[in-house]
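What you see is a predicted model, and the numbers here were worked out from it, not measured in a lab.
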Amino acid sequence: MNPSDSPKQQHPRSIKSFVLRQGHMTPAQQRAIDENWPRFGLDFQTAPLDLNTAFGRAAPKILEIGFGMGAATAEIARRLPEKDFLAIDVHGPGVGNLCKLIAEQGIANIRVMRHDAVEVVETMLAEGSLAGIHIFFPDPWHKKRHHKRRLIQPPFVAKLLPKLQSGGYIHLATDWEEYAAQMLDVLNSFPELQNTAENYAPTPAYRPETKFEARGKRLGHGVWDLVFTKR
């Protein structure tokens, strides 16, 4: 897929990792994609992806779904240079901005995809290929009638778990308390997952506070992290 194009679905899907919104791509963001995609962009393919080949080394692989503008992703990759990060989002400005950050900061352990993460998980990732999965601040779909659109539901987690190694982890974060409770219920429903905390986990040191998160805390909003490991 051309990274500057909007993702297109071939068939109707019951689960999607995104809702496509219009966003203005700045010239700098588009230039960052055009200039750097051959180095750290990955195109969707209907065949398994060899992650070690994609990154040029053997190292633990972390999947990040929905990275926004990419600042936290870039910071996490800098804090954890011993791990590789496959970062997936569909929104052009965020993809462009992360490409720009990678180039400016000389980050070698991120590969970027602009595609529906559900399709990537189903088609491109081998079983047991991931050491961790990050999903930070997915759309909470506040209205009750829209809750069915939330990403963190049993069918999607069931797709993720085979890709996760034994001992690997899933780290979720949200600033919407009702969604946090749903996330906790969903992850607790899988016997192969074990919570690392009694309920919600302390924020791991590798996850930086985003500007959005800091603003929410100033307004009195909470943030909930969940970290589960695969038995």
Side-chain angles (χ1 to χ4, degrees), residues 6-9 12-25 29 63-73 75-76 87-98 113-122 132-161 169-190 193 195-204 206-228:
S6 295
K8 296 179 180 179
Q9 302 301 317
R13 306 184 59 77
S14 59
I15 306 172
K16 288 185 180 179
S17 64
F18 68 95
V19 175
L20 193 57
R21 299 185 178 90
Q22 297 300 320
H24 176 66
M25 182 103 69
Q29 291 164 352
L63 172 66
E64 178 161 2
I65 297 175
F67 53 77
M69 295 304 288
T73 302
E75 180 59 31
I76 292 170
I88 306 177
D89 209 312
V90 297
H91 300 289
V95 171
N97 199 63
L98 180 55
M113 291 193 68
R114 188 181 181 190
H115 200 80
D116 176 14
V118 177
E119 248 189 321
V120 174
V121 169
E122 291 176 338
I133 298 167
H134 294 173
I135 307 176
F136 301 147
F137 305 102
D139 193 326
W141 290 104
H142 305 115
K143 295 180 180 179
K144 188 173 182 179
R145 68 178 184 271
H146 291 157
H147 286 182
K148 62 182 179 295
R149 300 183 184 182
R150 288 176 170 176
L151 180 63
I152 306 304
Q153 300 192 61
F156 182 55
V157 175
K159 292 177 185 293
L160 290 174
L161 285 183
Y169 70 93
I170 298 179
H171 179 187
L172 310 179
T174 182
D175 61 346
W176 193 254
E177 186 173 11
E178 188 271 335
Y179 196 10
Q182 176 182 326
M183 290 176 169
L184 186 61
D185 287 344
V186 169
L187 296 187
N188 275 330
S189 72
F190 287 88
L193 289 176
N195 199 342
T196 63
E198 185 175 351
N199 286 303
Y200 303 108
T203 300
Y206 59 75
R207 186 176 79 75
E209 185 177 75
T210 67
K211 291 180 180 179
F212 175 82
E213 182 180 353
R215 183 170 64 248
K217 286 181 177 178
R218 288 195 298 271
L219 295 172
H221 301 167
V223 173
W224 293 267
D225 286 76
L226 301 87
V227 182
F228 280 66

Can you tell me how far apart CD (Gln182) and OG1 (Thr174) are? Round to the nearest 0.5 Å. 10.0 Å
Heavy atoms only: give me the nearest Val227-Asn195 pair and the separation to one decimal. O-OD1, 3.4 Å
Decide yes or no for Phe67 and Val95: does some side-chain heavy atom of the first lie under 4.5 Å from some side-chain heavy atom of the second? yes
Restricting to pairs with a member in residues 174-186, which pass salt bridge (Lys or Arg N to Asp or Glu O under 4.0 Å), not counting sequence neighbours? Arg150-Glu178
Distance (rounded to the nearest 0.5 Å) between Leu226 CG and His171 NE2: 8.0 Å
How about Pro208 and Ile76: do any of their side-chain heavy atoms sit closer than 4.5 Å? yes
For Val121 and Lys159 the tightest heavy-atom approach is CG1-O, 3.7 Å
If you take all heavy atoms of Gln29 and Asn97, which pair is closest and at what distance? CG-N, 3.9 Å
Can you check side chain to side chain contact (heavy atoms under 4.5 Å, CB included) on Leu63 and Val120, steps first, answer last? CA-CA 10 Å; Leu63 172 66; Val120 174; 5.7 Å; no
Between Leu98 and Asp89, is a side chain to side chain contact (heavy atoms under 4.5 Å, CB included) present by the stated rule, with each step listed? CA-CA 10 Å; Leu98 180 55; Asp89 209 312; over 6 Å; no
Suppose we call two aromatic rings close when their centres sit under 6.0 Å apart. Are His134 and Tyr169 close by that rule? yes
Checking Ala181 now: which residues fulfil side-chain contact (heavy atoms from CB on, under 4.5 Å) with it, not counting sequence neighbours? Tyr200
Taking the side chain as every heavy atom from C-beta outward, state whether Lys148 and Trp141 have any atom pair closer than 4.5 Å. no
The test is side chain to side chain contact (heavy atoms under 4.5 Å, CB included); show your working for Val186 and Phe156 and say whether it passes. CA-CA 10 Å; Val186 169; Phe156 182 55; over 6 Å; no
Inspect the surroundings of NZ in Lys211 and state if more than 12 heavy atoms from other residues, nucleotides or ligands are less than 6.0 Å away. no
Hey, what do you get for OG1 (Thr196) to CD1 (Ile170), rounding to the nearest 0.5 Å? 11.5 Å
When you compare the side chain of Asp139 with that of Leu151, does any pair of heavy atoms fall below 4.5 Å? no
Starting from the C-alpha separation in whole Å, work towards a yes-or-no answer on ring-ring contact (aromatic ring centres under 6.0 Å, His included) for Tyr179 and His147. CA-CA 9 Å; Tyr179 196 10; His147 286 182; 8.0 Å; no
With a 4.5 Å limit on heavy-atom distance, are the side chains of Ile135 and Met183 in contact? no
In short, Leu184 meets Phe228 closest at the heavy-atom pair CD1-CZ, 3.9 Å
Rounding to 0.5 Å, atoms CD1 (Ile65) and CD1 (Ile133) come to a distance of 6.5 Å
Please name the pair of heavy atoms, one in Ala214 and one in Glu209, separated by the smallest distance, quoted to 0.1 Å. CB-OE1, 3.3 Å
Rounded to the nearest 0.5 angstrom, the CH2-CH2 distance for Trp176 and Trp224 is 9.5 Å
Only one of Lys144, Lys143, His142 clears side-chain contact (heavy atoms from CB on, under 4.5 Å) with His146; which? Lys143
